[in-house]
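Comments concern the structure below.
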Amino acid sequence: MDREKLKRLKGQSALVTGSSSGIGKAIAMALAREGACVVINYHSDEKSALEVVKEIKATGGDAIAVGADVSKEADVKRMFGQMFEAFGTIDILVNNAGMQKDAPFLEMTLDDWEKVIGVNLTGQFLSAREAAKEFIRRGIKKEISVAAGKIIFISSVHEVIPWAGHVNYAASKGGVTLLMKSIAQELAPHKIRINSIAPGAIKTSINKSVWSDPESAKKLQELIPYGRIGDPEDIAKAAVWLASDDSDYVHGETLIVDGGMTLYPGFKENG
Ligand code: BGC
């Protein structure tokens with residue numbers, strides 16, 4: 001069997017924001033394994049981003065690292081410019097960069113609010129807009145995909161589950177839902193395919209304080225009917241599918257990947 005021919009994203013170029021670690025890194029590596037050239041975007045950790053590039057190149061893929069704060073319009077435009085210089089165009093955008101700045105509501109500062117909304121929501125808007133402009137300019141390249149471009153928003157189960165002590169984060173993810181769906185409605189005639197993935201509790205640095213402490217890890221596990229905390233790979237596999245033509249008729253949808261967290265297991269013997 002010709003492994004090269006089986007690669008689902010061969011000839012495509014992808015940008016994964018916030019991909020120097022965690023879910024973004026796993027997605028970037030998975031897209032590269034399927035044949036895509038990948039931009040590893042990072043905010044401050046250039047060293048880790050370069051490591052990801054090295055790992056991708058070591059397995060025969062192609063990648064570059066580009067630093068940019070996705071909440072800043074000028075940074076985002078420069079990042080896309082650097083990507084076009086290196087790879088010519090964009091076929092897949094994964095809007096992954098995200099952060100938490102947790103605080104009880106009464107103690108939450110305007111800065112906590114603005115930083116999280118800036119990265120998690122404005123950042124996704126800015127990158128989606130730049131990608132969409134290029135998808136429309138270029139149009140469909142039939143040899144590589146039946147769509148003119150694909151955007152995947154990385155949301156969270158907290159686009160539906162309210163989260164005390166994290167209202168900035170939950171509000172940003174709730175915003176991502178209708179940002180994604182509204183853009184999907186608007187850009188469908190251009191054959192741009194847009195979806196979200198809503199991960200549950202995935203083992204990354206964002207929630208390390210929870211899964212690395214046995215007591216809180218046990219409590220967290222009680223929220224997950226499937227009985228395990230997720231792995232970045234669980235999200236990466238879903239992202240590859242959404243980026244590929246295998247999901248061509250899936251549009252404007254949120255794929256929840258959470259081991260059943262949104263089944264609200266607290267209601268099993270209650271309510
Ligand atoms: C958050 C994690 C949390 C998970 C489940 C994610 O979106 O970033 O900190 O563990 O949702 O609550």
Side-chain angles (χ1 to χ4, degrees), residues 16-28 41-45 48 70-71 94-105 107-108 112-125 152-180 195-239 242 253-268:
V16 184
T17 65
S19 49
S20 58
S21 68
I23 292 175
K25 174 180 174 181
I27 293 174
N41 157 252
Y42 63 93
H43 176 241
S44 39
D45 191 357
S48 299
V70 295
S71 69
V94 183
N95 257 332
N96 166 76
M99 66 184 294
Q100 286 181 217
K101 257 181 150 286
D102 311 328
F105 181 57
E107 287 156 35
M108 187 169 282
D112 294 336
W113 172 265
E114 284 179 343
K115 282 234 163 71
V116 170
I117 298 291
V119 172
N120 297 10
L121 186 57
T122 308
Q124 299 218 9
F125 154 71
I152 300 166
F153 289 81
I154 303 301
S155 174
S156 162
V157 287
H158 297 294
E159 71 168 42
V160 287
I161 304 178
W163 206 14
H166 311 257
V167 303
N168 48 359
Y169 185 82
S172 73
K173 297 300 186 179
V176 164
T177 310
L178 280 177
L179 171 65
M180 179 278 286
N195 293 286
S196 290
I197 297 174
I202 307 297
K203 222 180 216 185
T204 68
S205 60
I206 210 169
N207 52 6
K208 187 163 184 220
S209 62
V210 183
W211 55 258
S212 60
D213 168 60
E215 191 114 320
S216 16
K218 191 169 163 281
K219 264 178 74 193
L220 174 60
Q221 209 140 310
E222 282 165 14
L223 295 176
I224 310 167
Y226 204 59
R228 69 170 172 90
I229 298 172
D231 188 82
E233 265 306 306
D234 293 315
I235 307 304
K237 287 176 195 158
L242 280 179
E253 198 49 62
T254 298
L255 179 56
I256 299 178
V257 183
D258 70 345
M261 190 177 243
T262 41
L263 298 173
Y264 299 97
F267 276 82
K268 203 172 154 199

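Atoms within a ligand are numbered from 1 in the order they appear, just like the ligands themselves. Note that these values count all heavy atoms, side chains included, but never hydrogens, waters or copies made by symmetry.
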Of all the non-hydrogen atoms in the protein, which one sits nearest to [atom], and at what distance?
atom: atom 10 (O) of ligand 1; result: Asn207 ND2, 3.3 Å
atom: atom 4 (C) of ligand 1; result: Gly200 O, 3.7 Å
atom: atom 6 (C) of ligand 1; result: Tyr169 OH, 3.6 Å
atom: atom 11 (O) of ligand 1; result: His158 CD2, 3.3 Å
atom: atom 3 (C) of ligand 1; result: Trp163 CH2, 3.8 Å
atom: atom 2 (C) of ligand 1; result: Gln100 OE1, 3.4 Å

Which of Met108, Lys115, Glu114 passes side-chain contact (heavy atoms from CB on, under 4.5 Å) with Asn168? Answer is Met108
In this structure, which one of Ile23, Ile235, Ile27 forms a side-chain contact (heavy atoms from CB on, under 4.5 Å) with Val94?
-> Ile27
Tell me, please: is Ile206 in heavy-atom contact with ligand 1, that is, under 4.0 Å?
-> yes
For ligand 1, is there an atom lying under 4.0 Å from some heavy atom of Trp211?
-> no
With the side chain counted from C-beta on, respond yes when [X] and [Y] share a heavy-atom pair under 4.5 Å apart, and no when they do not.
X: Trp163; Y: Gln100; answer: yes
X: Leu220; Y: Met261; answer: yes
X: Asp231; Y: Lys203; answer: no
X: Leu255; Y: Asn195; answer: no

Taking only heavy atoms of Ser156, which atoms of ligand 1 are found under 4.0 Å from at least one of them?
-> 6 (C), 7 (O), 11 (O)
Is there a side chain to side chain contact (heavy atoms under 4.5 Å, CB included) between Leu121 and Val176 once you walk through the steps?
-> CA-CA 6 Å; Leu121 186 57; Val176 164; 4.0 Å; yes
